[in-house]
Amino acid sequence: MPTTFVPAGPFAGQKPGTSGLRKKTAAFRAPHYLECFVQATFDAVGVQGKVLVLGGDGRFFGREAAGLIMRMAAANGVTRVIVGRGGLLSTPAASHLIRLNGADGGIILSASHNPGGEDGDFGVKFNIANGGPAPEAVTEAIHKASAGVTGYRISDHPAPDLDRIGETDLDGMTVQVVDPVTDYAELMERMFDFDAIRRMIAGGFTLRFDAMCAVTGPYAVEILERRLGAAPGSVVNATPLPDFGGMHPDPNPTWASALYDLMLSDDAPDFGAASDGDGDRNMVMGRGIYVNPSDSLAVLAEHAHLCPGYAGGLRGIARSMPTSTAADRVAAALGIPCHETPTGWKFFGTLLDAGHATICGEESFGTGSDHVREKDGLWAVLMWLNIQAITGHGVEALVHAHWRRFGRTFYSRHDYEALSVRQAESVMATLRTALPTLPGQWVEGRRVAMADDFAYVDPVDGSVSTGQGLRVVFDDGARLVLRMSGTGTEGATLRLYLEAPCDDPDQFGIDPQSMLAPVAAAAERMCGLAHQTGRLAPDVIT
Ligand code: VG1
Ligand code: CO
């Protein structure tokens, strides 16, 4: 076999986090780094005779990494690699391809919403056969295996041309280059009423989708413009670029400000949306209204039955713990369970597999369902379009009707980025230490009902995850949550999640930050974030 074993150990691997291993691009490009991590992954999961899906969001180093991984897959006995043309696959499309082809798993090359480029971030994520992110047991095994890596096996043959659709042989392994969009677009056609959406658009409904120079461009052009008839140019920043055109492909009011500002201006189209680097996140807006992601999940759940893929109703809803409780009220009204999981899509996987939940979401602009095992940006966009097409109501009318029916759950996340690890840990420790003393105390006009360090027992496989965020709940249902980000690549990021439910329609128009100011003040009293870090305001508010 023309295969080389390249000695490279010892390899001090790092444990993959909630979304795989994310580091500076330069770290992945350091001699043998990517290769050793991939070898650890192959060793941990066992790839002899297996079929893998491979693709990424088009960021810098992605193509090169795909080539190296294919040569390593061949040398490690993989039977077939299914790879998106040009090395491109959105995260939800990769998840779908794994499921569609009955593949044993997949490797996604992305750092999601983190900036890309030579000085940006890169990431490698392993997904399992259900199409979803590897559960903790698997990431643990990869981490363990990395300690034993002394080198890696790689084919001496060059990787095949990724731009040509079709099958080629690489050292006895089949490389199948597929169109990244076709299968995904067909799945979407089955889930949603494309005829109804087409009629709505033909009737003058206008939209803008900002792909932020990341992977969703080709998907959105094919689906929104070609299949649904949106005017050419409705999808902007549609070409995936290695550095995302210098953008930060994170669809929120700060980083997608061009779309955000347009939607609040006089020139706004009827509907606006943006997605992130790898296509699993979404920001949704109507003319003059921004939809908070927690509200988006709740509204989608409320109306899901209007879409063909969910005509039979939902079996359950799942949301991550820091996501607002708006969806819980919809679940109660529908008479279905609402599961509360730790942050990270992998926790939804077991619930979706077992049929305990149909739709799920996170406050971090992620929504999805059991059609794949990742969150799915374009899916959410299409669901919003489908619901508007069937009800004849726009985003603002739908959201306001939702608030009138269920109350408005005021919600915001405050991010404090690039803190020193020591400072961030100290803020966490302050609140963690205070937790047992909080119940019964009055803070900023509210009485604490419950305070804990969130732990989760997976109801399907019994696995236990502890330390998933510090949570304080008040008597009136208001909440604050503090947790440390697991996806940053610089220092530490603290996320403070604030929530206050409100049933009084006269207050629905109040600015969320003013409504939540007392909850933020309570958080400061409990954890002393500003006091300890000197940061007087968050870096990003969503
Ligand atoms: C963040 C979000 C979390 C999300 C994760 C991956 O994690 O808060 O909700 O699941 O990113 O999203 P953290 O640990 O930084 O808070 V992405 O679009 O990788 O795929
Ligand atoms: Co993402």
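Owing to the predicted nature of the structure, the values given are computational and were not obtained by experimental measurement. Numbering of ligands and ligand atoms starts at 1, following listing order. Numbers here simply count residues along the sequence, with the first being 1.
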Asks: Classify the angle between the aromatic ring planes of Phe28 and Phe122 as parallel (below 30°), tilted (30 to 60°) or perpendicular (above 60°).
Replies: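 If you compare the ring of Phe28 with that of Phe122, the planes turn out perpendicular.
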Asks: Is a salt bridge present between Lys24 and Asp121, judged by a nitrogen-to-oxygen distance below 4.0 Å?
Replies: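 Yes, charged N to carboxylate O under 4.0 Å.
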Asks: Taking the six-membered ring of Phe61 as reference, does the cationic atom of Arg59 (NZ for Lys, CZ for Arg) lie under 6.0 Å from its centre and within 45° of its axis?
Replies: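 Output no; distance or angle outside limits.
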Asks: Contact between ligand 1 and Lys125 is defined here as a heavy atom of the residue under 4.0 Å from a ligand atom; is it met?
Replies: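 No, that is not the case, since the closest heavy atom of the residue is not under 4.0 Å from the ligand.
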Asks: Under 4.5 Å between any side-chain heavy atoms of Thr323 and Tyr411, yes or no?
Replies: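 They are not in side-chain contact.
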Asks: Is it the case that Thr91 and Glu374 place a side-chain donor and acceptor less than 3.5 Å from each other?
Replies: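 Short answer, no.
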Asks: Report, in ascending order of atom number, the atoms of ligand 1 lying under 4.0 Å from any heavy atom of Glu362.
Replies: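 Those qualifying, in numeric order: 3 (C), 4 (C), 9 (O), 10 (O).
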Asks: Heavy atom of Lys375 under 4.0 Å from ligand 1?
Replies: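 Per 4.0 Å heavy-atom rule, Lys375 contacts ligand 1.
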Asks: If only side-chain N and O atoms count, and only distance matters, is there a donor-acceptor pair under 3.5 Å linking Asp210 with Tyr260?
Replies: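 No, because no side-chain N or O of Tyr260 sits under 3.5 Å from a partner of the opposite role on Asp210.
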Asks: Is Lys346 close enough to touch ligand 1? Criterion: a residue heavy atom under 4.0 Å from a ligand atom.
Replies: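 So Lys346 does not count as touching ligand 1.
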Asks: Side chains of Thr358 and Asp370: do they bring a donor and an acceptor to under 3.5 Å?
Replies: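 No - no donor-acceptor pair under 3.5 Å links their side chains.
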Asks: Please list, in number order, the atoms of ligand 1 under 4.0 Å from a heavy atom of Arg22.
Replies: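 Those of ligand 1 that fall under 4.0 Å from Arg22 are 17 (V), 19 (O), 20 (O).
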Asks: What atoms in ligand 1 come closer than 4.0 Å to a heavy atom of Asp280?
Replies: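 Counting atoms of ligand 1 from 1, those under 4.0 Å from Asp280 are 18 (O), 20 (O).
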Asks: Under 4.0 Å between a side-chain nitrogen and a carboxylate oxygen: does that hold for Glu362 and Arg495?
Replies: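 So Glu362 does not pair with Arg495 through a salt bridge.
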Asks: For ligand 1, which atoms, with element, lie under 4.0 Å from some heavy atom of Arg495?
Replies: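 Taking each heavy atom of Arg495 in turn, ligand 1 has 8 (O), 13 (P), 15 (O), 16 (O) under 4.0 Å.
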Asks: Would you mind running through ligand 1 and noting each atom that sits below 4.0 Å from a heavy atom of Arg413?
Replies: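 Taking each heavy atom of Arg413 in turn, ligand 1 has 8 (O) under 4.0 Å.
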Asks: In terms of atom number and element, which parts of ligand 1 are under 4.0 angstrom from non-hydrogen atoms of Ser112?
Replies: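 Once the distances to Ser112 are compared, the set is 17 (V), 18 (O), 19 (O), 20 (O).
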Asks: Angle class for the Phe348/Trp345 ring planes (parallel below 30°, perpendicular above 60°, tilted otherwise)?
Replies: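 Geometry flag for Trp345 against Phe348: perpendicular rings.
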Asks: Closer than 4.0 Å to some heavy atom of Ser364 - which atoms of ligand 1 meet that?
Replies: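 Going through ligand 1 atom by atom, the ones under 4.0 Å from Ser364 are 2 (C), 3 (C), 4 (C), 8 (O), 9 (O).
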Asks: Where's the contact between Ser485 and ligand 1, heavy-atom distance under 4.0 Å: side chain, backbone, both or neither?
Replies: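 It is both backbone and side chain that touch ligand 1.
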Asks: Say whether Gly344 and ligand 1 are in contact under the criterion: heavy-atom distance to a ligand atom below 4.0 Å.
Replies: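 Yes, Gly344 has a heavy atom closer than 4.0 Å to ligand 1.
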Asks: Has ligand 1 got any nitrogen or oxygen that is less than 3.5 angstrom from a nitrogen or oxygen of Trp345?
Replies: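 Looking only at distances, the answer is no, because the N/O contact criterion of under 3.5 Å is not met.
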Asks: Flag Gly486 as yes when one of its N or O atoms lies below 3.5 Å from any N or O atom of ligand 1, and as no otherwise.
Replies: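 Right, the criterion is met.
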Asks: With Tyr310, which residues qualify under ring pair (Phe, Tyr, Trp, His ring centres under 6.0 Å), at least two apart?
Replies: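 Listed in chain order: nothing, the list is empty.
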Asks: With under 30° as parallel and over 60° as perpendicular, where do the rings of Tyr290 and Phe365 fit, or are they tilted in between?
Replies: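 Rings of Tyr290 and Phe365: tilted, 30 to 60°.
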Asks: So which protein N/O/S atoms does the Co ion (ligand 2) have within less than 2.8 Å?
Replies: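 Those protein N, O or S atoms (cut-off: under 2.8 Å from the Co ion (ligand 2)) are Ser112 OG, Asp276 OD2, Asp278 OD1, Asp280 OD1.
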Asks: Could you establish whether Arg483 and ligand 1 come within less than 4.0 Å of each other, counting only heavy atoms on the residue side?
Replies: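 In this structure, Arg483 qualifies as a contact of ligand 1 - some heavy atom is under 4.0 Å.
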Asks: Without hydrogens or angle criteria, can the side chains of Asn127 and Ser95 be said to hold a donor-acceptor pair below 3.5 Å?
Replies: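 Per modelled atom types, Asn127 and Ser95 side chains form no pair under 3.5 Å.
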Asks: Do Glu186 and Arg227 touch side chain to side chain, with heavy atoms closer than 4.5 Å?
Replies: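 Yes. Closest side-chain heavy atoms under 4.5 Å.
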Asks: Just to verify, which of Arg319, Arg413, Lys375 counts as forming a salt bridge (Lys or Arg N to Asp or Glu O under 4.0 Å) with Glu363?
Replies: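 The option that passes is Arg413.
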Asks: Using a strict 4.0 Å cut-off to heavy atoms of Thr343, name the atoms of ligand 1 that fall inside it.
Replies: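 Those atoms are 3 (C), 9 (O).
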Asks: Would you kindly specify which portion of Thr493 sits under 4.0 Å from ligand 1, judged on non-hydrogen atoms: side chain, backbone, both or neither?
Replies: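 Within the 4.0 Å criterion, Thr493 makes no contact with ligand 1.
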